[in-house]
Number of protein chains: 2
Amino acid sequence: MNSKNKHQLNPRISADCVVFGFDFSQLKVLLIEREQVEGFDISLSLPGDLIFEDEDLDMAANRILNELTGLNDIFLEQVGAFGNPDRLSKASDKAWLKAVRQKPEERVVTIAYYSLVNMNNYQPQASSFAKTACWIPVHEISELAFDHYTIFQVALKKLKDKIKTQPIGFNLLPEKFTLSQLHKLYEVILGRDLDKRNFRRKMLKLKIVESLDEKQEGVPHKPSQFFKFNEENYTQLIQNGYDNFGF
Amino acid sequence: MNSKNKHQLNPRISADCVVFGFDFSQLKVLLIEREQVEGFDISLSLPGDLIFEDEDLDMAANRILNELTGLNDIFLEQVGAFGNPDRLSKASDKAWLKAVRQKPEERVVTIAYYSLVNMNNYQPQASSFAKTACWIPVHEISELAFDHYTIFQVALKKLKDKIKTQPIGFNLLPEKFTLSQLHKLYEVILGRDLDKRNFRRKMLKLKIVESLDEKQEGVPHKPSQFFKFNEENYTQLIQNGYDNFGF
DNA sequence: TTTCTATGTGTCAATTATACACTTTGCGAA
DNA sequence: TTCGCAAAGTGTATAATTGACACATAGAAA
């Protein structure tokens, strides 16, 4: 630790969130429409903000998430730090930074998070984000501002890996859900078909879902049983070292 | 992104490395003995350094690793960012920072990495680290400087998770190794016994190890066959979506 | 009452995981 | 030279899990 101080990096730090949601048919991400600047098109970015002086990294991510969605105590996990020196140097990004930042040239290291929300609970907020936040299906996401497309890809990879090993998918569903919805969710995240019967068999055998005395109503077909996530059984499972759903 | 600039965090950034090694019987981590200051005991820390102005995060971690070990092109993966506001505020840490930093009170966000090295290739360097670097078995690591113990634990968890899914363990072994050595490595990292025959069967069936025409010599027991890692077969495996060793 | 649509269910074969013990090789000591 | 030692190396049988596959069911709407 003997480097000369004057050559050391002294950046701002931001937190950016990849907020995933599921509308029972597609996996989506909450993105922000960045206003047009200097003739550059509208572009989409991850919700994020610079971190305050006395703020912890995780606190900052929670704050951003709360300002965006009005939600608290949401599943939130770090993806990693992204600090490439040229991550802000696309022409369109520079123009935007020039318009909104006091020191637009300043280097920014971002700490990326991903979070899973139940889209039903999501209420557009009266925050600065409100008018411009939108859910975009993951397969329609292509270009994003800054290095956000890279961040999104890493986050999605992390979600895919994690769901094989821990039942975090429940965070994307309401309290009551049907096994078909859960099944669809796994298919959408993993990007491949899963046999319906085998999927149900596994979930029921592990006892991490519990049948409720309630059925769908008003659907033009056989109504589906509602289930809820059984957290106690799940906790016991992982305490016994179980960490592989075998998907 | 409308925060007032004067309240924004503007820290230094460091990179810290959890360097794992394996001596055929224990999993070890390369730690630095921090000199005594103001009557505080010697304490151990992860090797790390502040990041330079035009340096990428990964580059910085590679630089630190190279200065420490003389090695290049080593397995290196990000663990995450650690930026708790009070991560530098233990009394012993403050005393040390006061002695070596120009602005000892300045907040530092560290980006942690973990890396796997073949201990045979490791040569103590004529760097500032040289005299003080030592390999400590993971189960003997308790207190470390700053938040390094937390970082170490997260890195170890990540290593355990990753080895179940990808054969990164080979990075800890020499080119030629015996199946017993590989077996022991897995047991040590996962922290539990694995059946010898089942382990060998799995490794051989997956064809990610390849037998060499060479045996151990001079050992007071049946000499063991040497093997090498078969990278092509491994690459093909993961391209086919294989990502579960079933440990 | 018929049609429609998504729900919900069982079995069999193949694969994989787990448990388990003795023979082999080469060195070194007697 | 023989004997003992220490770790290497090897196979099988049982249980558990996976994967493939097709039709009856409930309720709404026509």
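The model shown is predicted, which means the values in this text are computed figures rather than measured ones. Numbers restart at 1 for each chain; the letters A, B, ... are given by sequence-line order, proteins then strands.
Classification of A:Lys176 and A:Glu214 as a salt-bridged pair holds, one side-chain N sitting under 4.0 Å from a carboxylate O. Checked for salt-bridge contact, B:Lys158 and B:Glu77 miss the test: no charged N lies under 4.0 Å from a carboxylate O.
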Chi angles and distances behind the side chain to side chain donor-acceptor pair (under 3.5 Å) call for A:Asn66, A:Arg63:
CA-CA 5 Å; A:Asn66 176 263; A:Arg63 170 173 60 81; over 6 Å; no

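The phosphate of D:dG9 (OP1 or OP2) has a side-chain N or O of B:Ser224 nearer than 4.0 angstrom.
Just one of B:Val138, B:Leu156, B:Leu172 meets the side-chain contact (heavy atoms from CB on, under 4.5 Å) condition when paired with B:Ile189; it is B:Leu172.
Rounded to a whole Å, the CG atom of A:Asn198 is 7 Å from the P atom of D:dG19. In this structure, CG of B:Asp195 is placed 14 Å from C1' of D:dT14, rounded to the nearest angstrom. A straight line from NZ of B:Lys205 to P of D:dT10 spans 17 Å, rounded to a whole angstrom. As rounded to whole Å, 8 Å separates atom P of D:dT10 from atom CG of B:Leu204. Rounding to whole angstrom units, CZ of residue B:Phe199 and C1' of D:dG11 are separated by 19 Å. Taking atom NZ of A:Lys164 as the reference point, atom C1' of D:dT18 lies 16 Å away to the nearest angstrom. Distance, B:Leu179 CG to D:dA7 P: 17 Å, rounded to whole Å. Distance A:Glu217 CD to D:dA28 P: 9 Å, rounded to the nearest Å.
Using a 4.0 Å heavy-atom criterion, one finds that B:Gln216 contacts no nucleic acid atom at all. Using a 4.0 Å heavy-atom cutoff across all strands shown, A:Lys196 reaches at least one base atom of the nucleic acid.
Running 5' to 3' along DNA chain C, contacts with non-hydrogen atoms of chain B at under 4.0 Å begin and end at C:dT16 to C:dC27.
Aromatic pair B:Tyr114/B:Phe75: centroids less than 6.0 angstrom apart.
Among D:dG27, D:dT17, D:dG11, the nucleotide with an atom closest to any side-chain atom of A:His221 is D:dG27.
Cation-pi geometry between A:Arg34 and A:Phe146 is satisfied (NZ or CZ under 6.0 Å from the ring centre, within 45° of the ring normal).
Under 3.5 Å, the side chains of A:Tyr113 and A:Asp58 contain a donor-acceptor pair of N or O atoms.
Judged by distance alone, with hydrogens and angles left aside, B:Arg197 brings no side-chain donor or acceptor close enough to the base of D:dA8 to form a pair under 3.5 Å.
Closest-nucleotide positions on DNA chain D for A:Pro223 and B:Arg201 were compared, and the one nearer the 5' end corresponds to B:Arg201. In this structure, B:Gly218 and B:Lys202 both approach DNA chain C, and ranking their closest nucleotides by distance from the 5' end singles out B:Lys202.
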